[in-house]
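Both backbone and side-chain heavy atoms feed into the values below; hydrogens, waters and symmetry mates do not. Read the numbers this way: they start at 1 and go in the same order the structure lists the ligands and their atoms.
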Amino acid sequence: MCTSRCTSRCTSGAKGSRRWQKIPQRDDEDSPHAFTVSYVQRARRAAWRLRDVTFLCADAALCGRWVRTLTEQLSALAQRPRRLLVYINPLSGKRHGERIYRHKVAPLFSRANISTSVIVTQHANHARDHLRTEAELQNYDGVVCVGGDGMFSEVMHGLVLRTQRDQGRDHHHPDQDLAQTGLRIGIIPAGSTDCICFATVGANDPVTSSLHIIVGDCQPMDVCSVHHGDAFLRYSVSLLGYGFYGDVLSDSERRRWMGPARYDVSGVKKFLSHRYYEGTVSYLPASDVLGTPRDRAPCRTGCVVCQYNRPLEEEKEGKLKMEESHEGLAWRSVRGKFLAINAVSMSCACPRSPQGLSPAAHLADGTTDLILVRNSSRLAFLRHLLRHTSKDDQFDLGFVEVHRVRRFRFTPRFCQSDSELDLQELLQEKEQKEKEVAGSQARRILGQLCREHPACCRTPPCASCWNCDGEILPHADIQVRYTTLLLLFLPLLLLLAPLLLLLLAHST
Ligand SMILES: Nc1ncnc2c1ncn2[C@@H]1O[C@H](COP(=O)(O)OP(=O)(O)OP(=O)(O)O)[C@@H](O)[C@H]1O
Ligand SMILES: CCCCCCCCCCCCC/C=C/[C@@H](O)[C@H](CO)NC(=O)CCCCC
Ligand SMILES: [Ca+2]
């Protein structure tokens, strides 16, 4: 494949240091035969860049032999994708998805001889439904989503649900282990938060993500299932947030026209309203695992903690069953007033929070970090939030606790079923309060208690909603468990990278 005739040659510079030097284009007959090799150069902060180097040969035969050999070597790398199914969300983030793909991604895919089927989505859940029903997955080596976390979530749901259907698994059953999807997913960041791309690649850069896909590595990623009783709700790979993050998301939905800024406006608004929510969190701690949420040892590709902690397919049944068998013993419960309940299966690092909600959470260890932020003053909560934007430990505060769990459940205090029970408790609390305080303060406190109870308040039940990877869940009473793995186009072992990063060779 002919490319530009501009050629470089290696010239020994001063003191024998070798450096490449561009030499002007040569049109004369005896111009040497040359071939150009494109390779990946790792730049600052996890960014990857494409670089070319051209080699001069004495004669055409030698040049041809080099190109054929290099091309054969590259073709032999089985993990590299040849055919990709691409979904573009035109409305993600600042609505640059299509432009980003056409200008930055497609040229790289074509230089790497990757064929693509591109679908620009026409409506929400277009990608999920296409993957789940009509996509002919056997024709592809992977799926690429161009958009934000919500678009990734659509592709994930489409692939996981399609795999269960094809393998006859019932994903509605909360204890059903899921079949693992075979196709890898690549993410081209074009959204507002892009936390899944940032937390896995370390950068939100379309060129870097494209090169990761072309090089074709493979990195597993935890998937949690969320159920309400026996009804399946959604899968989650990043944040399951109740209280603050749930309120921020639901408030920001009506501001989608603002793009990424919608989260800042809603964030400030919800910080100021400072709502707490009552309920009971029960969780099954992950026993006999390496690492803790506060060991400040971030998960990196080739992570040994993930390999050690992740329940292997065959032992998964046994391991979880064993933990379950001590149901009464191993499960723990926490009841109280929470500003936020966040369950993260990965660090959730993103441009807003470079370390993430749980910096030491592992991408593929089969556990979730459950962060409980109890009711506290606005100032204390602000300190907690601000620590997400620095390297300070956001868990080192009296009203914050974090647990590494395999499963957890949440029941809001004022859920419909037991409001009568709560009503008696509430009346007892009122009588107690009446004894303790008198006059105007009593009315203020009783007003607060009253405002919160559906049985005696005019406002709807004060449950928050769950933010599941950026989507709102229809129920607050949920059960969550680690269920399966996804596969991403990511470097498995960066140390091997120099050998694998030759992208392609072509004669010039
Ligand atoms: N063509 C479309 N028209 C309308 N909505 C769409 C379309 N394609 C996808 N969606 C929906 O748009 C929502 C937002 O998409 P996405 O998450 O990619 O952008 P974002 O919200 O800006 O990014 P982030 O989730 O990272 O904050 C998703 O829930 C997705 O289901
Ligand atoms: C006053 C200073 C406050 C500083 C606060 C910094 C804390 C930022 C933590 C950001 C955590 C993002 C977690 C990612 C969740 C995504 O799956 C989801 C979909 O994209 N995004 C949101 O829910 C959007 C959530 C946006 C929350 C702000
Ligand atoms: Ca995890």
Side-chain angles (χ1 to χ4, degrees), residues 87-95 97 119-128 145-155 157 187 189-199 204 220-224 236-241 244-250 252-253 256 258-260 262-268 270-272 286 289 291 293 299 303 305-306 309-310 340 342-358 360-369 378 381-390 394 404-406 467-472 482 485:
Y87 294 99
I88 302 176
N89 177 356
L91 305 185
S92 291
K94 297 174 180 166
R95 308 191 172 201
I119 297 176
V120 178
T121 59
Q122 304 304 310
H123 53 81
N125 293 321
H126 179 175
R128 181 197 66 186
C145 61
V146 183
D149 297 324
M151 197 56 193
F152 174 84
S153 181
E154 273 204 45
V155 167
H157 279 84
I187 309 172
S192 309
T193 311
D194 290 324
C195 101
I196 295 167
C197 181
F198 192 92
N204 276 347
M221 165 198 251
D222 291 336
V223 178
C224 283
S236 170
V237 294
S238 65
L239 164 68
L240 262 170
F244 181 69
Y245 290 109
D247 293 349
V248 167
L249 185 71
S250 58
S252 70
E253 284 304 286
R256 265 203 177 279
M258 292 181 77
R262 65 185 187 275
Y263 292 132
D264 303 308
V265 172
S266 300
V268 172
K270 289 305 168 186
F271 169 75
L272 295 174
V289 288
C299 180
C303 174
V305 172
C306 286
N309 289 352
R310 181 167 63 238
N342 298 328
V344 293
S345 298
M346 56 157 59
S347 67
C348 282
C350 63
R352 275 189 182 82
S353 172
Q355 304 287 312
L357 289 171
S358 185
H362 286 273
L363 194 53
D365 65 338
T367 74
T368 294
D369 285 353
R378 273 191 186 76
F381 186 51
L382 179 61
R383 281 176 67 205
H384 169 65
L385 284 176
L386 285 172
R387 288 187 181 183
H388 288 89
T389 59
S390 67
Q394 63 260 47
R404 188 151 285 174
V405 306
R406 293 272 187 215
N467 167 350
C468 177
D469 293 7
E471 305 295 324
I472 301 288
Y482 161 75
L485 281 176

Region of H157 that comes within reach of ligand 1 [heavy atoms, distance under 4.0 Å]: neither
Can you list the atoms of ligand 2 that are under 4.0 Å from a heavy atom of G470? 17 (O), 18 (C), 19 (C)
Honestly, for M151 the part within reach of ligand 1 (heavy atoms, under 4.0 Å) is both
Please determine if the Ca ion (ligand 3) has an N/O/S atom from D365 lying under 3.0 Å away. yes
L382 near ligand 2 by a heavy-atom separation under 4.0 Å: yes
In ligand 2, which numbered atoms sit nearer than 4.0 Å to a non-hydrogen atom of Y245? 7 (C), 9 (C), 27 (C)
Is there a heavy atom of R262 sitting under 4.0 angstrom from any atom of ligand 1? yes
Provide the atom name of the closest N, O or S atom of H362 relative to the Ca ion (ligand 3). O
Decide whether the shortest distance between a heavy atom of F152 and an atom of ligand 1 is less than 4.0 Å. no
Return the orientation label for the H126 and H123 ring planes: parallel under 30°, perpendicular over 60°, tilted otherwise. parallel
P90 heavy atom under 4.0 Å from ligand 1: yes
Could you work out, with salt bridge (Lys or Arg N to Asp or Glu O under 4.0 Å) as the rule, every residue matching R352, not counting sequence neighbours? D264
Just distances here: any N/O of G148 and N/O of ligand 1 closer than 3.5 Å? yes
